[in-house]
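Read through the structure below, which is laid out as structure tokens, and then see the notes.
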Amino acid sequence: MAELRDGERGYAADPDAIKKAGGVALEIRQALLTAAEPTCYRSGPVRGNLTEAHTQIQDALRMGDKADERIAWDLKDDGGTRRDAFNDVVHMGRRKSPKEILREYQVTDDPRGVTDYFGEQITQGEENLLSDLSLVEKSDFKDIKERAWEECQARFPEDDNDGHMDAFRHAYWNALMTQRFGPEWAEQYGTAHERLPGNPKDREAMDLYNNEVGRRIAMNNPADTPAQLAAKIQSAVQLGTTVVMDREGNLVASDKVEIGEHGHTNRVKGGTHEGRDPGDPGPGS
């Protein structure tokens with residue numbers, strides 16, 4: 001099976017391998033159609049023969065479609081798997097449905113609530129993680145957060161919260177944190193950030209999922225510069241690897257909504273104890 005490389009959707013198959021796999025699927029289709037063709041020339045009522053031939057051809061096409069789908073999944077799955085806090089195994093090429101994302105990407109509220117951190121309200125989990133950083137690391141963290149804001153506004157200037165700019169910001173922020181602090185710390189911080197009491201379920205799911213997309217791209221491209229990561233993440237947003245809100249407030253793939261035409265959260269709050277409990281990230285964790 002072909003070796004897969006990361007692309008804007010998290011994987012990219014060797015073109016020669018795809019061509020070969022496509023040829024196999026085409027051969028399957030042609031063989032099935034050839035098997036059905038003699039029915040047209042049998043003796044007997046013409047209408048009956050044509051009906052039978054049509055049925056067999058349709059069956060052949062359905063079987064061909066299934067063969068295409070199996071080959072496509074084989075190409076995706078061959079990229080390998082990676083463990084993740086929200087899923088035991090994440091397939092690099094698989095796109096979860098919005099319903100799956102809304103259901104699975106939820107975390108409990110931080111039981112200690114929020115705290116003031118230099119004029120900004122953050123969860124206690126965030127404050128604990130930041131307290132474990134050195135002064136240089138704290139400065140880098142601040143720079144990363146500011147860069148994510150500046151970059152999202154430059155790339156999606158006509159957008160705002162719950163849309164493509166928001167999706168890019170979360171993915172890029174987590175990608176940069178992954179490069180600087182490692183994927184485990186980045187995941188802990190990105191998750192702690194979403195444990196605000198009363199955080200709307202759809203916004204929480206959107207942010208957690210887009211965070212994961214950014215970390216995955218960074219892990220698959222460890223030598224990329226921040227500019228190269230930004231370009232990959234912008235493509236991921238445009239191609240629908242991330243999620244946004246549509247006009248009705250539904251969570252959808254980001255390529256299903258025109259940039260600047262998204263909606264906003266329906267503000268249905270998640271339960272205090274609803275979702276995954278990420279534990280107590282803090283100094284030395």
Side-chain angles (χ1 to χ4, degrees), residues 7-10 84 86-87 90 93-107 120-122 144-178 186-187 189-218 226-227 229-271 274-275:
E8 288 76 8
R9 291 180 182 273
D84 181 87
F86 292 93
N87 307 278
V90 176
R94 188 178 185 279
R95 176 191 288 184
K96 285 183 174 290
S97 71
K99 287 184 179 180
E100 287 178 304
I101 294 170
L102 185 61
R103 181 180 65 250
E104 297 174 17
Y105 288 73
Q106 300 290 332
V107 287
E120 180 182 0
Q121 293 293 300
I122 63 174
I144 284 171
K145 190 171 184 180
E146 290 176 353
R147 178 164 192 153
W149 268 108
E150 292 169 359
E151 200 69 39
C152 76
Q153 292 171 330
R155 291 175 184 266
F156 298 96
E158 69 279 29
D159 218 55
D160 58 9
N161 213 23
D162 300 331
H164 301 81
M165 181 183 77
D166 199 10
F168 176 91
R169 178 172 61 85
H170 273 269
Y172 188 49
W173 180 37
N174 274 257
L176 294 177
M177 287 196 295
T178 296
E187 182 183 340
Y189 193 88
T191 301
H193 182 71
E194 298 305 323
R195 298 188 73 194
L196 288 167
N199 197 14
K201 291 180 61 175
D202 49 6
R203 180 175 287 170
E204 183 173 299
M206 172 182 165
D207 292 346
L208 288 170
Y209 185 78
N210 292 334
N211 289 350
E212 181 186 291
V213 170
R215 291 193 300 270
R216 187 184 305 166
I217 290 175
L229 280 179
K232 282 186 172 67
I233 291 170
Q234 181 175 2
S235 293
V237 173
Q238 293 168 337
L239 291 169
T241 307
T242 57
V243 291
V244 299
M245 307 287 180
D246 68 10
R247 284 291 191 182
E248 285 70 48
N250 299 312
L251 204 62
V252 297
S254 49
D255 62 344
K256 301 300 181 185
V257 177
E258 293 292 329
I259 295 174
E261 296 297 322
H262 67 279
H264 294 283
T265 173
N266 56 30
R267 299 200 175 280
V268 174
K269 296 180 180 180
E274 183 176 355

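Source: prediction; values computed, not measured.
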Q) Any luck finding a side-chain donor-acceptor pair between Asn199 and Glu194 under 3.5 Å? A) yes
Q: Please report the closest heavy-atom contact between Asn211 and Gly190, naming both atoms and the distance.
A: ND2-O, 3.6 Å
**Q.** Straight-line distance of Asp207 CG to His193 NE2, nearest 0.5 Å
**A.** 7.0 Å
Q | Backbone N/O of Tyr209 and side chain of Glu212: donor-acceptor pair under 3.5 Å | A | no
(Q) Quick one, Glu150 with Arg155, criterion salt bridge (charged side-chain N to carboxylate O under 4.0 Å, His left out). Give me CA distance, side-chain angles, the key distance, then yes/no. (A) CA-CA 9 Å; Glu150 292 169 359; Arg155 291 175 184 266; over 6 Å; no
(Q) I'd like to know if the side chain of Asn210 reaches the main chain of Val243, judged simply by a donor and an acceptor atom lying under 3.5 Å from each other, with no hydrogens or angles considered. (A) yes
Q: State, to 0.1 Å, how close Ala205 and Ile101 come at their nearest heavy-atom pair, and which atoms those are.
A: CB-O, 3.6 Å
Q) Does Lys99 come within less than 4.0 Å of Glu104, counting only side-chain N to carboxylate O? A) no
Q | Value rounded to 0.5 Å, distance of CZ in Arg169 from NZ in Lys145 | A | 8.5 Å
Q: Supply the atom-to-atom distance Thr178 OG1 to Ile217 CD1, rounded to the nearest 0.5 angstrom.
A: 10.5 Å
Q) Looking only at heavy atoms, what is the nearest atom pair of Ala218 and Ala175, with distance? A) CB-O, 3.5 Å
Q. Do you know which two heavy atoms are closest between Thr191 and Leu208, and how far apart they sit?
A. CA-CD2, 4.0 Å
Q. How are the rings of His262 and His264 set relative to one another: parallel (under 30°), tilted (30 to 60°) or perpendicular (over 60°)?
A. perpendicular
Q | side-chain contact (heavy atoms from CB on, under 4.5 Å) evaluation trace for Asn250 with Met245 | A | CA-CA 5 Å; Asn250 299 312; Met245 307 287 180; over 6 Å; no
Q. Is a donor on one side and an acceptor on the other found under 3.5 Å between the side chain of Gln106 and the backbone of Leu102?
A. yes
Q | Heavy-atom closest pair, residues Val107 and Arg195 | A | CG2-CG, 3.8 Å
Q) Parallel, tilted or perpendicular for Phe168 and Phe156, by the 30°/60° rule? A) tilted
**Q.** Heavy-atom side-chain proximity of Val257 to Asp246 below 4.5 angstrom
**A.** yes
(Q) Looking at Glu146, I want to see if its CD is surrounded by more than 12 non-hydrogen atoms of other residues, nucleotides or ligands under 6.0 Å. (A) yes
Q) Going by distance alone, is a donor N or O of one side chain under 3.5 Å from an acceptor N or O of the other, for Tyr172 and Arg147? A) yes
Q: Please name the pair of heavy atoms, one in Ser254 and one in Thr242, separated by the smallest distance, quoted to 0.1 Å.
A: OG-OG1, 2.7 Å
Q: Quick one: pull up CD in Gln153 and CD in Glu151 and give me the separation to the nearest 0.5 Å.
A: 10.5 Å
Q) Would you say the side-chain atoms of Thr265 and Asp162 include a donor-acceptor pair closer than 3.5 Å? A) no
Q | Interatomic spacing from CG in Leu251 to OG in Ser97 - rounded to 0.5 Å | A | 9.5 Å
